[in-house]
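Structure record follows, encoded as structure tokens.
Everything quoted here is computed from the prediction, not taken from an experiment. As a basis for the values below, the full set of heavy atoms in this structure was taken, side chains included, without hydrogen atoms, waters or symmetry mates. Naming convention: chains lettered A, B, ... in sequence-line order (proteins, then strands); numbering from 1 in each chain.
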Amino acid sequence: MQSRLLTETVRCVGCRLCEMACSLKHESEFAPWLSRIKVDRTPRTCLAVPSVCRHCADAPCVAACPVDAIKQSPASDVVYIDAVECIGCQQCLDACPYHCIVFDSSRGVALKCDLCNGDPVCARVCPSGAVAFAVSEDGE
Amino acid sequence: MKDTYTVRVLKIDLTTEDVSLDEIGTSEALKFFGGRGLASCLLFRSTTKETDPFGEENPLIFAPGVLVGTCVPTAGRATVVSKSPATGMFMKCSMGGHWGAGLRHAGYDVLIVRGKASRPTLLTVTNTGVQFRNASTYWGLDVREATSKIEADLAIPEVDIACIGPAGERLSRIAAISCSYYHVAARGGLGAVMGSKNLKAIAVHGRVPVKVADPERFWAVSEQARTSVANTGRCKFYGEYGTAGVVVGANAMEALPTQNFRAGSVPDAYGISGQCLAEQNYLVRRESCMACSIMCKRYSATRNAYPGSEAGGPEYETLAALGSGCMLMDTDAVLKANELCNILGLDSISAGSVIQWAFECAERGVLPPEIDDGVGGRVSLKWGDAHAVHTLIEMIAYRRGLGDVLAEGVRRAAQTVGGDSWKWAVEAKGLEQSGVETRMAKAYALAFATNPRGPDHLYGQPMAEFGFSPEGRALVRRLAGDEKFANPIITDHKPKLVAWHEECFAMTDSLGLCSRATLSTYAITPAMMAEMLSAALGVEMTEDGMHEIARRVINLERAFNMREGARRRDDRLPWRVMNEVLPNSKGIRAINSEEELGKMLDEYYELRGWDRETGVPKASTLRDLGLDEVVTDLGLTATDS
Ligand code: SF4
Ligand code: SF4
Ligand code: SF4
């Protein structure tokens, strides 16, 4: 069984609830810059674009990591970072075509979406449906 | 009380470029909630009766609510307080957008700006320090140009900017502060206070996390609040149509101020409604302030005229003031007017009000029917004239020709123009009335009269009286004992309703929530707010405790005005609504008579523990609330009770 977060940019209202829920869940505090989902805002035109990890089938970040700290779960396809093994080289940040990996400079580790173990809080709090959780049997 | 919460107050003096930090502990901060309440207290303490709103000594205080930067729905708002150049009294405004969160991420909870810079200044407040930058190249630019240029020049990702336009620079008493481009601290001329300090903009940015005492408990209450917002019909309505969605209903109830409050409805309000914006593709996209799941904000564009005109909004108030108020029913033209107020930095309510008044002055022969626009053209002061509305907005912002008079606000303008023109200057305390026809809504009438800002909706907002929603009717049942009192044209139990709403508003502002969640829809209750505070700050707060703090805040803000000399006589409504019967088709003799308002005031003062004759809070009331310092400031003696 595979699951994905789907984003629909036109719906996003730029409330950043997704970022705050994600950071509370993973950091136990509100630090939206450490959120694994990122909302790019253009206040001048009230435009906001969410982006979040696609858990790519052939993930470039997995390939880029020199110490194999990024792994893909064979059962769920979830791409995750093993924080203990991460050496903070930031190769994955460059490799991700969607700019969906964040770097926590205070701890010197890369952080990325782990789909919240199947219960993504970002999708749960998103009021507009701009981020939605889709589970499919066949991987699509 | 456990010291779990420290308010960091950043104090900046523009004259000396001194920067300092005060830290206020939990018990002192929570005496006033920490947000708006604390800001009001700091304002009270740092001003006197002699403080000139445009003087260096008048502080401009920004206080994001206590929960700003967290995930509870609508927790994104910042209060701004100062002594108002419009009223000479207490003023608080609330602004949405993302600026308040930016200040908290920079590491501060309250920002106090004093003094006057010797040159146009841009202040940057980040977690790495405060900088005073030369803003000469931004001075003169409108809000949109200046904000864009500052964003580009600072090159700080995700910077948020509060900025004034030409109106604030020229000390228009109806100038606003705009944050994140389109979110305004609109009322009472606070943009001009910023202008008087030579302060063009304040940019904020930082990476200081916002922490809560009990993350799990906090998550639980935020989920509860989010679910409530998602399931409340009125919240869905605001998400769908914005505040502009209210226009049609207000018109049907004859509560949509029309033609300078001469009527309460127009034949067809569709053209200036949120429904029209959405259905006719004026709406470019929906937006939301920080952390808000209601999503009432809009970004709209003109379609058939004024190509390239786009802006945030329009809001209900803007449509009432510049649309039906000016008899301008053309959608494109109203959107253009909204954009002009947005970018020139004007309060659209007050701008609409002075323009309506000017049209009426011309109609009644107190002003000429046609005037110079100050740059070689002519303007006809005619109801519904789009060119006139647009040109007057520019004239006000740049203080050109008649605009110089109108920029002073309608009370002062009437003093200049003279004759009977004060009678159709729809203001009280010096503030233009916002877009509710109070003759058809008695709780609103009382709330407008007792509002220390002047007659507007952002201090009490007793929406429940209309009986629109099950949530509102339930509240009326709870407060008045029966749902039948959810009826706008009766006066019974209205003082109780008003007092509750004022208190709920004080909590809402202080926590940094939006009144759209707590008052206009009743999705978030005071009990939920108490739980939010408890979980966030590690204190145990109850609903009753919240009301008590709110009463303290309200009494303190009241005391500010009393110190200025305000009394019961100032708790009134514009002459027109108290003396002219509203023509309406409902067969109701709608007026806010002296007698009717007087009765409600008696009852309201009694409830509040204020002196019936003067309206001054009694010494015993203040002492019960722990406001002993205020007792002395008001010159009350220990034996006053
Ligand atoms: S699924 Fe979880 S980890 Fe991934 S972005 Fe959403 S909240 Fe963050
Ligand atoms: S929660 Fe949804 S609407 Fe809000 S910023 Fe995130 S993606 Fe956009
Ligand atoms: S309800 Fe509207 S004004 Fe209030 S916070 Fe949400 S988007 Fe902003």
Side-chain angles (χ1 to χ4, degrees), chain A residues 7-51 93 99 102-108 111 116 119-132, chain B residues 67-76 97-99 101 104-105 144 147-148 151 157-161 179-183 206-212 215-216 218-219 222-223 226 229-230 235 239 284-301 310-313:
Chain A
T7 56
E8 203 179 333
T9 296
V10 289
R11 287 174 175 266
C12 179
V13 292
C15 66
R16 303 178 75 190
L17 276 166
C18 51
E19 292 183 348
M20 286 183 286
C22 182
S23 86
L24 182 70
K25 168 136 187 179
H26 293 88
E27 311 294 330
S28 296
E29 61 186 21
F30 296 100
W33 49 92
L34 296 182
S35 164
R36 285 68 163 154
I37 183 167
K38 182 83 213 97
V39 182
D40 269 316
R41 291 182 299 126
T42 310
R44 186 184 169 123
T45 51
C46 301
L47 190 67
V49 179
S51 57
L93 274 78
H99 308 289
V102 283
F103 192 69
D104 179 355
S105 44
S106 67
R107 279 178 295 172
L111 308 170
C116 293
D119 181 15
V121 290
C122 57
R124 180 141 33 124
V125 298
C126 177
S128 69
V131 189
Chain B
L67 301 180
V68 168
T70 73
C71 66
V72 290
T74 79
H98 295 257
W99 191 92
R104 290 206 91 193
H105 289 148
R144 191 149 59 193
T147 309
S148 302
E151 275 174 357
E158 307 195 305
V159 71
D160 270 293
I161 295 163
C179 88
S180 319
Y181 291 88
Y182 309 113
H183 301 268
R207 299 225 148 159
V208 178
V210 173
K211 295 181 195 291
V212 289
E216 271 174 42
F218 193 81
W219 174 254
S222 71
E223 283 282 280
R226 237 176 14 77
V229 165
C235 291
V284 177
R285 64 179 62 94
R286 295 179 166 79
E287 200 215 354
S288 217
C289 304
M290 179 82 173
C292 177
S293 55
I294 297 179
M295 311 180 277
C296 84
K297 291 285 172 176
R298 330 267 86 182
Y299 187 73
S300 318
E310 299 194 350

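Using a 4.5 Å heavy-atom cutoff, the side chains of B:Cys71 and A:Val125 are not in contact. Looking only at side-chain heavy atoms (C-beta outward), B:Arg104 and A:Phe30 stay at 4.5 Å or farther from each other.
When every heavy atom of A:Leu24 is checked against every heavy atom of B:Trp219, the shortest pair comes out as CD2-CE3, 3.8 Å. Of all non-hydrogen atoms in B:Cys292 and A:Pro127, the two that sit nearest each other are O-CG, 4.2 Å. Closest approach of A:Cys46 to B:Arg285, counting heavy atoms only: O-CD, 3.1 Å.
For B:His183, no part lies near chain A; criterion is any non-hydrogen pair under 4.5 Å. If you measure heavy-atom distances from B:Glu216 to chain A, you find no contacts under 4.5 Å at all. Of the atoms belonging to B:Val208, it is backbone heavy atoms, and not side-chain ones, that fall under 4.5 Å from chain A. Contacts of B:Ala291 with chain A are made by both backbone and side-chain atoms, with heavy-atom separations under 4.5 Å. For A:Leu34, no part lies under 4.5 angstrom from a heavy atom of chain B. There is no contact between A:Ser23 and chain B, counting heavy-atom distances below 4.5 Å. In this structure, the portions of B:Thr70 lying under 4.5 Å from any heavy atom of chain A include both its backbone and its side chain. For chain B, the nearby part of A:Cys12 is the backbone; its heavy atoms alone come within less than 4.5 Å.
Applying the salt bridge (charged side-chain N to carboxylate O under 4.0 Å, His left out) test to residues at least two apart or on different chains, the pairs with a partner in residues 33-48 of chain A are A:Glu19-A:Lys38, A:Glu27-A:Arg36, A:Lys38-B:Glu158, A:Arg41-B:Asp160.
Separation of atoms OG (A:Ser128) and CD (B:Glu287) is listed at 12.0 Å; rounding is to 0.5 Å. With rounding to the nearest 0.5 Å, the separation of CZ in B:Arg286 from SG in A:Cys15 is 14.0 Å.
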Evaluate the criterion side chain to side chain contact (heavy atoms under 4.5 Å, CB included) for residue pair A:Met20 and B:Val210; output intermediate values, then yes/no.
CA-CA 10 Å; A:Met20 286 183 286; B:Val210 173; over 6 Å; no
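In terms of heavy-atom pairs under 4.5 Å with chain A, the best-connected choice from B:Lys211, B:Glu310, B:Met295, B:Lys297 is B:Met295.
Take A:Arg124 and apply the salt bridge (Lys or Arg N to Asp or Glu O under 4.0 Å) test, not counting sequence neighbours, and it matches A:Asp119, B:Glu223.
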